[in-house]
> 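Mind looking over this structure? Questions follow.
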Amino acid sequence: MAPVGVFDSGVGGLSVLQALRRAMPQARFVYVADSAYSPYGEKTAAFVQARSHAIARFLQTHYGIAALVVACNTATAAAAESLRQDWHSLPLVGVEPAIKPAAQLSRTGHIGVMATRGTVHSARFARLLHDFGQGAHWHVQACDGLAAAIENSTAATLLEDEKIRALCAHYTSALGQFGLKNGQIDTLVLGCTHYVFVRDTLRALLGPDVQLVDTGDAVARQTQRLLGWPQGRADEHEGAPLSPAQHMQLLTTGSLPALQRAAQRWLGLPAGCCAQVQVD
Ligand code: DGL
């Protein structure tokens, strides 16, 4: 089968790729990290839309992809609708902050959302809250600089890790009080695919009781459904498991060593799976 195309502004979408790989170990994936143009979250919707279309064209032309997973909340908010219009026969899955699951999980009815500026100011996010968020109190925080710090953390310097911790501390305290008591935030939506990689930092700041919600597994299930792969039977799918190099191709418009470090650190993939490309 043709590979599934996946993209993000950078390395954040690797968190979605992890879930896709778990769900479909026999599928092939080609991932584009648009790191030369990241972060998307503080750019205009028109810019993010233009980059999303350029990447979709690139993946379709060079790889004839079977489906496109937009592994970026910001790009989904800015471009999912227009991508669907332009590529109407291509199965497309977007990533959105998990408003509905969080509303179902929360006991206190106070829910935090961390996302990029682009996502929280989008019409799509307003619609999500309107459609699925009624009856809960939503504490929404645009986290300028956090995705960029995570992007840079692939250099794994202590300095970046400290910066990430400081940004997480700043934004979570801006959201309000976390805990299980009345009026406290008991559920936090990770509304940017980069933030999944700082789960441990957030967990250390917020304590063990707060529920952290992301959408990686839901996106993987939806992709399986669209491609007609049997649910929950990944291991029984026909054929021998593919080697990492057959299975995964990771491309970046930015720094190749940075992508290689991220692929190794977060997905255990060898440097040979990665390459640099130009996407205009
Ligand atoms: N990972 C992206 C998201 O899910 C965007 C981060 C950024 O580039 O600002 O929103």
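Throughout, numbering of the chain's residues begins at 1 and tracks the sequence. In each ligand, atom 1 is the first atom listed, and ligand 1 is the first ligand listed.
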> For the residue pair Q264 / R261, report whether a side-chain donor-acceptor contact shorter than 3.5 Å exists.
no

> Would you please write out the protein residues whose heavy atoms approach any atom of ligand 1 to under 4.0 angstrom, listed by chain and number?
D8, S9, P39, Y40, G41, C72, N73, T74, T116, A147, C192, T193, H194

> Would R225 and Q222 count as a side-chain hydrogen bond (donor to acceptor under 3.5 Å, both in side chains) if you check the C-alpha gap in whole Å, the side-chain angles of each, and the deciding distance to 0.1 Å?
CA-CA 5 Å; R225 232 184 336 262; Q222 172 68 356; 2.8 Å; yes

> So, are D217 and R22 salt-bridged, with charged N and O less than 4.0 Å apart?
yes

> Given L17 and W266, is the side-chain contact (heavy atoms from CB on, under 4.5 Å) satisfied, shown in steps?
CA-CA 10 Å; L17 192 60; W266 290 324; over 6 Å; no

> Hey, what do you get for CZ (F197) to CG (L190), rounding to the nearest 0.5 Å?
11.5 Å

> How would you list, by chain and number, every residue that makes a salt bridge (charged side-chain N to carboxylate O under 4.0 Å, His left out) with R199, sequence neighbours excluded?
D214

